[in-house]
Every structure is written in structure tokens, then in C-alpha cells.
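For clarity, every value in this text was computed on a predicted model and none was experimentally measured. Sequence positions, counted from 1, serve as the residue numbers for this chain.
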Amino acid sequence: MSMTITLAPRRPFSVGRLCLNLTIWTAALLWFLPILVAVWVAIHPASEQGSFNLFAPLTLQNFIHAWQAAPFGRYFLNTIMLVLMIVICQLVLATMAAYALVRFGLKWSGVLFSLILLQLMISPDVLILNNYKTIGAFGLRDSLLGIALPYFASAFAIFLLRQTFKSIPLVLEEAAIVEGASRFYILRRIYIPLAKPIYVAFALVSISFHWNDFLWPLVISDSVNVRPLTVGLQLFSAPEQGVQWALIGAATLITSLPLLLLFLVFQRQFVQSFMRAGIR
């Protein structure tokens, strides 16, 4: 028995495809260039920062000095607690709001959903002054809860979950109701498992955004006890201390490393979740 192997035809050479590939690789290199510079200045002594000598000695002392120059342990703990608080509250509130808009048959559900979507058109920076006054009136200034509270309700999460819940057949819920299941049981056992890709996609985006958020935590926090990583990182560029590029590069890598590892670990789930979210 003879076996015939059919090779796929080779694509003809195209100048347009070559230019497109060169453009993509150039854009990727430009995007990655700041990271390369940060790595270079972080692993070389301060005396070698401006030479870019390939044979310059390597060192990890910059990371040790950066870690000792600021309470990074406290900054990491504050940031993790802050991000977890925000993401959990966003997912819980968005789940309940989306389910209510889809299945409770509210008379003005369309108007309510339109008002919720208005939040997407307003930049959070525009509301800093009003949020500062509100948080101060609640007595929550300089606290993790005060930093997180304005982000508890996410219109983007409600939008994604509402569209996903609408695509789930009503027959599943009706069958569960006939069997005596409660609303909470239906939500927990039917809707949430079927919307898992949306939860993963939104959680990754929300974690990335709030991990890197700077302006609002800077405005509302005053002490080290509640200061997140992004606010603590500014200490290395204080004018009175001078710009220490080696420490800045090392501190930047320390703060961005958890997000980089998170993306590398969940890269496939991240891409697949957004593809499914876009299809739905």
C-alpha cells in the first residue's frame, strides 16, 4: 500500500504581505523597547547606564536596593487586597444586575440599561473631584475601601454579562423552576458556569487596569498603610533625591512582574475568553 502525502501549496510572494509583516514586527519592537530599556538599566551598575556596553558586568544589587528603599511588601499587600476587593465586588454586582435586567421583566429595563451604559462614556478622571468629596463625607479617605468604592459598579461587566445571559435558553431556567430550584440556585448552577469565559476575560482586564491605576489612589491616599504599588513607585523619581534610573528600572520590573506572569500563565484563556465574548 502506497501512501501519498499532499503538501499544501506555497503562498506566492507578495510585497504587500511583506510590508504588513515588517510593520507588525516594527510596532511590536517599539512596544517592547521600553521594557528592554528597563531590563538593561536594572541589571547593570549605575556607571554603565549610558554606555550600552554589551560586555558590561551584570548585577542584581539594583533590585535589592529598590526593595529596601521602599516598603514594597506593604505596597504589594495593599495592591493585592485592593484589586481583589474591586474585582470581586464588580463581578457580584454585575452578575445580579445583569440577571435582573434579563430575567425579571422590569418595565423600564431598557431605560435602566441605557443609564448604566452612560458610565462607559464618562472618564473616571472627570469624576475625581466629586468622588473625593463623597469619599471624604463618608470618612473613608486614606483607606483601601475609599480607593475601591468608586469602582465597585462596572457598566462594562454588566454589559458583557447581560449579553451572555440573554443568549442562554430560557428553557433551562424554566426546567429548573419546575424542579423547585430557587433563583439563586439557578444563577449559581446555570448562568454563572455558562458565562465562565466572560468572567475570566473581564477579571483579567479589571485586574490589569486597577493594578496600574495611579491618579485616583494618589489623590485619595496619604499614608504608606494604604498606598498601592503605582503610587509608591513615584518615590524613585522624587526631584529631591535625583533620578536614579537603575532603581527606577528595577522597581518598575518588580511592580510589573506579577502582571506579566499572570498574562503568561493565562494567555490562552485570555485570548479564548475574548474570542468567545466577541462571538456572543
Side-chain angles (χ1 to χ4, degrees), residues 27-43 60 62-64 66-67 70-95 124 144-145 147-161 164 192-218 221 226-234 236 247-280:
L29 180 61
L30 292 176
W31 177 87
F32 198 65
L33 185 60
I35 301 178
L36 294 178
V37 174
V39 173
W40 175 272
V41 300
I43 63 177
L60 296 178
N62 294 325
F63 293 94
I64 298 176
W67 185 270
F72 270 102
R74 184 66 189 184
Y75 293 160
F76 268 104
L77 180 61
N78 293 339
T79 305
I80 292 173
M81 292 175 60
L82 179 65
V83 170
L84 288 179
M85 186 190 312
I86 292 175
V87 173
I88 292 175
C89 290
Q90 284 180 336
L91 294 180
V92 171
L93 294 177
T95 300
L144 290 178
L145 181 58
I147 300 175
L149 188 59
Y151 296 105
F152 279 176
S154 173
F156 183 56
I158 295 175
F159 169 75
L160 289 178
L161 291 176
T164 304
I192 293 179
L194 292 177
K196 183 179 178 180
I198 307 302
Y199 285 103
V200 174
F202 176 77
L204 292 174
V205 172
S206 182
I207 291 173
S208 177
F209 175 81
H210 294 292
W211 188 279
N212 295 310
D213 193 16
F214 171 74
L215 185 57
W216 171 245
L218 175 66
S221 63
V226 298
R227 187 176 292 161
L229 282 169
T230 52
V231 179
L233 189 60
Q234 70 167 341
F236 294 93
L247 295 184
I248 292 176
T252 302
L253 293 179
I254 291 174
T255 58
S256 59
L257 184 60
L259 281 183
L260 180 60
L261 294 177
L262 182 68
F263 178 76
L264 292 178
V265 172
F266 294 99
Q267 180 181 7
R268 178 173 298 180
Q269 291 86 342
F270 180 81
V271 175
Q272 291 179 353
S273 298
F274 264 101
M275 290 179 61
R276 295 176 183 177
I279 293 175
R280 292 186 179 183

**Report entry** Non-hydrogen atoms of L144 and M81 that approach each other most closely
**Finding:** CD1-CE, 3.9 Å
**Report entry** All side-chain hydrogen bond (donor to acceptor under 3.5 Å, both in side chains) counterparts of T95, not counting sequence neighbours
**Finding:** Y199
Requested in this report: Would you name the heavy atoms of F202 and A157 that are closest together and state the gap between them?
Outcome: CZ-CB, 3.5 Å
**Report entry** Residue from N212, T79, L82 passing side-chain contact (heavy atoms from CB on, under 4.5 Å) with L229
**Finding:** T79
Requested in this report: With sequence neighbours excluded, tell me which residues meet side-chain contact (heavy atoms from CB on, under 4.5 Å) with I43.
Outcome: V39, L58, F63
Requested in this report: For the pair L161 and I198, evaluate side-chain contact (heavy atoms from CB on, under 4.5 Å) and give the outcome as yes or no after the intermediate values.
Outcome: CA-CA 7 Å; L161 291 176; I198 307 302; 4.0 Å; yes
Would you be so kind as to tabulate the donor-acceptor pairs closer than 3.5 Å made by side chains of residues 83-94, with sequence neighbours excluded?
unit_1 : atom_1 : unit_2 : atom_2 : d
Q90    : OE1    : S206   : OG     : 2.7
Q90    : NE2    : Y151   : O      : 2.8

Query raised in the report: Between T230 and D213, is there a donor-acceptor pair closer than 3.5 Å when you use the side chain of the first and the backbone of the second?
Result: yes
Query - Interatomic distance, I147 atom CD1 to W216 atom CH2 [nearest 0.5 angstrom] - result: 8.5 Å
Report summary line: When rounded to the nearest 0.5 Å, the distance separating CZ of F76 from CD1 of I80 is 7.5 Å
What pairs of donor and acceptor atoms, side-chain ones from residues 249-264 against any protein atom, are under 3.5 angstrom apart with sequence neighbours left out?
unit_1 : atom_1 : unit_2 : atom_2 : d
T252   : OG1    : I248   : O      : 2.6
T255   : OG1    : A251   : O      : 3.2
T255   : OG1    : T252   : O      : 2.9
S256   : OG     : T252   : O      : 2.8

Query raised in the report: Relative to the ring of Y75, is the ring of F72 parallel (under 30°), tilted (30 to 60°) or perpendicular (over 60°)?
Result: perpendicular
